[in-house]
Amino acid sequence: MSALSQALWVLLLGSLLGLELVGKVPPTLHTPLMSGANAISGITVLASLTLIQKAGDNQALLLIGALSLGFALFNVVGGFLVTDRMLAMFRRKGDN
Amino acid sequence: MSTNLLTDAIDLVAVLLLGLGIKGLSKVRSARGANQLAAVAIALAVLGLLIEIRPGPMAWLWIAAGSAAGGLAGVITALRVPMTAMPEVVALFNGCGGLASLLVAVGVALFDSDGADMVALVSIDISVFVGAITFSGSIVAMAKLQGWLNTPAWTQSSLRHVVNIFLAVAALVGAVLLPGDPTGLPLWLVVISSSLLGVGVTLPIGGADMPVVISLLNSYSGVAAAAAGFVVGSQLLIVAGAMVGAAGLILTQVMCTAMNRSLLSVLFGGALGSGNQGSSGAAGGEQGYSRITSCSPEECAMALEQAERVVFVPGYGLAVAQAQHALRELSKLLENHGVEVSYAIHPVAGRMPGHMNVLLAEADVPYEQLIEMDVINPEFPRTDVVIVLGANDVVNPDAKTDSSSPLYGMPVLEVDQARQVFVVKRSLSAGYAGIPNALFELPQTAMVFGDAKAVLNGLLSELRSMGVGKVKQL
């Protein structure tokens, strides 16, 4: 039970943090922010890795884990790169 | 024990960096660094987990295979996609994130549910439900933005609510039954009915509202990740998923405000101007106009030549025609001629808030010339010429004056205040909202029919033949 309540606390505090962090966003940044947050949500790679680890010799589970890892990494890698491509364009003149 | 301490420390640093990353992404100056920071945070989190679980050789093999395939596909997609297709790509990535969470939950339910307690089973429920909706909803959103899917007529009737409620109930029944039989029918009932629910909820929504939906689905994928965190017992995953979920919700709300739409009406109201979505305009859209003035690029060029102050209003049509660079060239020419040039950017210009800024930045338009709506609106009365390029609903004056218009209340660019307005458009087809634009009939408005790029190139050659731009250079 304590593990659960600890996890729920983590959930609660994480949500509050998320609400707090994105206060005022200029419209210019809506698309990059969405895309960046989207990349972060691919952190579910952690779950995929854990699943593969737990699978042992179960080939079917290994396959599901690897598939899920592939999709999650596609999200993470693609998401961060595409966000970087977008933001690279703002940077050039933002600094001048 | 020392390994635990190490991995705990890595996790904490990762959470800290993620938080700083999300925070930094909301400011122009820090955004790029913040994005890289968040990427480092994820890499750290993965490293910490690998140290903690020490995968065996068999596991490494599968990890390598999955990572290589997913990572490579991600790199290729991210580097090759054109900037115009950004919203679709974000939807695609997001859908895959949802699918990953769904697969984890299904895998655990099928093969690892023997020792699972109630918490784990409920988490599997949530992860499958939200993951499936995220996946199928995102794919539908992508397909609609790409123009692969139209809005079927039945989805605009109240029948869709019946269908969706039925699917939701089916998913709920499956979810309730799942703890008794985690590997059998209930699991698949949840998977299938929530996938269909994702389709059923997203399909009726019109293209103009799609960015809001993608943002909301992005928030869902955070929730799915957090639920997957409960399934596999990873606090880091829970906190990161919760942060993305909450931040995505706020961003969705901010976008709704910018578009003057309420989230509820986006989700349940159906497409604006129902039925007109995606219908190839010319057929249905041209009725209703009686006083249209059209003019040639020559006349437009003459007006530009005499203007002192010109404002361009770029819309998605400009991007589709790949005309950003031609536009940039035209405005350089006008600047050399001594004309004051700026660009009016509606908060939802393009297909997503901020999308147009990205597209114009790609064409090297100076940042200072992009003027936000609130700043430029008071400037229109002293503007000589406004050129609307592939924008429609965001310049519709009905949004201010006609309370019966579906757009009523949406903040628009008040181009009707300018002395002369040219609207460059392929035809008189309706915009995303599927309704006629009163601007086109105003006496100071003239339509220049044609592809945005072709018209801009026409204007360029007309102006050059008039000798514009040469004067200053000599």
Side-chain angles (χ1 to χ4, degrees), chain A residues 4 7 10-11 14-15 17-19 21-22 25 27-38 40-54 58 61-62 64-84 86-87 89-91 93-94, chain B residues 22-23 25-26 28 31-32 35 38-39 42 49 53 55 59 62-63 65-67 69-71 73-74 77-78 90 93-94 96-97 99-101 103-104 107 111 119 215 218 221-222 225 228 232 234-235 237-240 242-244 246-248 250 347 352-355 357-358 361-362 367:
Chain A
L4 173 64
V10 168
L11 180 72
S15 310
L17 194 58
L19 291 179
L21 287 177
V22 188
V25 195
T28 318
L29 282 179
H30 282 182
T31 300
L33 176 61
M34 193 197 299
S35 156
N38 172 36
I40 294 174
S41 73
I43 193 170
T44 195
V45 279
L46 299 185
S48 314
L49 287 172
T50 312
L51 190 69
I52 292 177
Q53 165 67 12
K54 277 184 177 174
N58 186 334
L61 195 49
L62 281 170
I64 294 181
L67 272 178
S68 128
L69 179 64
F71 282 115
L73 258 184
F74 177 66
N75 184 356
V76 173
V77 173
F80 280 127
L81 275 180
V82 109
T83 312
D84 191 64
M86 282 191 265
L87 292 172
M89 294 173 188
F90 290 132
R91 171 92 147 218
K93 0 122 223 178
Chain B
I22 296 181
K23 174 116 187 107
L25 270 172
S26 54
V28 177
R32 192 173 183 199
N35 182 54
I42 305 277
L49 184 72
I53 63 178
W62 287 93
I63 289 173
S67 312
T77 312
V90 173
F93 286 144
N94 192 47
C96 289
L99 183 60
S101 300
L103 284 172
V104 168
F111 299 106
V119 177
S215 173
N218 181 28
S221 73
V232 300
S234 162
Q235 293 198 344
L237 195 44
I238 296 173
V239 74
M243 278 198 300
V244 171
I250 295 288
M352 224 185 222
H355 192 195
N357 305 58
V358 175
E362 195 191 14
Y367 191 65

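Letters A, B, ... mirror the listed sequences (proteins, then strands); counts begin at 1.
In terms of heavy-atom pairs under 4.5 angstrom with chain A, the leader among B:Ile42, B:Thr77, B:Ile53, B:Ile22 is B:Ile53. Counting heavy-atom pairs closer than 4.5 Å to chain A, the top-ranked of the candidates B:Gly66, B:Gly70, B:Ala31 is B:Gly70. Each of B:Ser215, B:Ala69, B:Ala240 has some count of heavy-atom pairs under 4.5 Å with chain A, and the biggest count is that of B:Ser215. Comparing A:Thr50, A:Leu51, A:Leu61 by heavy-atom pairs within less than 4.5 Å of chain B, the highest count is held by A:Leu61. Considering only heavy-atom pairs separated by less than 4.5 Å from chain B, the leading option among A:Val45, A:Leu17, A:Ile64 is A:Ile64. Ranked by non-hydrogen atom pairs under 4.5 Å with chain B, the options A:Ala7, A:Gly36, A:Pro32 are led by A:Ala7.
For the pair A:Ser35/A:Met86, a side-chain contact is recorded, criterion being any heavy-atom separation below 4.5 Å from C-beta on.
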Review item, side-chain donor-acceptor pairs of residues 66-80 of chain A, under 3.5 Å, at least two apart:
from: A:Ser68; atom 1: OG; to: A:Ser48; atom 2: OG; distance (Å): 2.6
from: A:Asn75; atom 1: ND2; to: B:Phe93; atom 2: O; distance (Å): 3.4

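Side-chain N or O atoms of B:Ser234 include one that pairs as donor or acceptor with a backbone N or O of B:Leu237 at under 3.5 Å. Not one N or O on the side chain of B:Asn35 forms a donor-acceptor pair closer than 3.5 Å with the backbone of A:Thr83.
Looking at B:Ala65, there are no atoms closer than 4.5 Å to chain A (heavy atoms on both sides), in backbone or side chain. Heavy atoms of B:Val104 lying under 4.5 Å from chain A belong to its backbone as well as its side chain. The contact between B:Val244 and chain A is made entirely by side chain atoms (from C-beta outward), counting heavy-atom distances below 4.5 Å. For A:Asn38, the parts lying near chain B are the backbone and the side chain together; criterion is any non-hydrogen pair under 4.5 Å.
Here the shortest heavy-atom pairing between B:Gly97 and A:Thr44 reads O-CG2, 3.9 Å. Residues B:Gln235 and A:Val10 approach most closely at O-CG1, 3.6 Å, considering heavy atoms.
In this structure, the side-chain hydrogen bond (donor to acceptor under 3.5 Å, both in side chains) partners of B:Asn94, at least two apart in sequence or on a different chain, are B:Ser138, B:Ser221.
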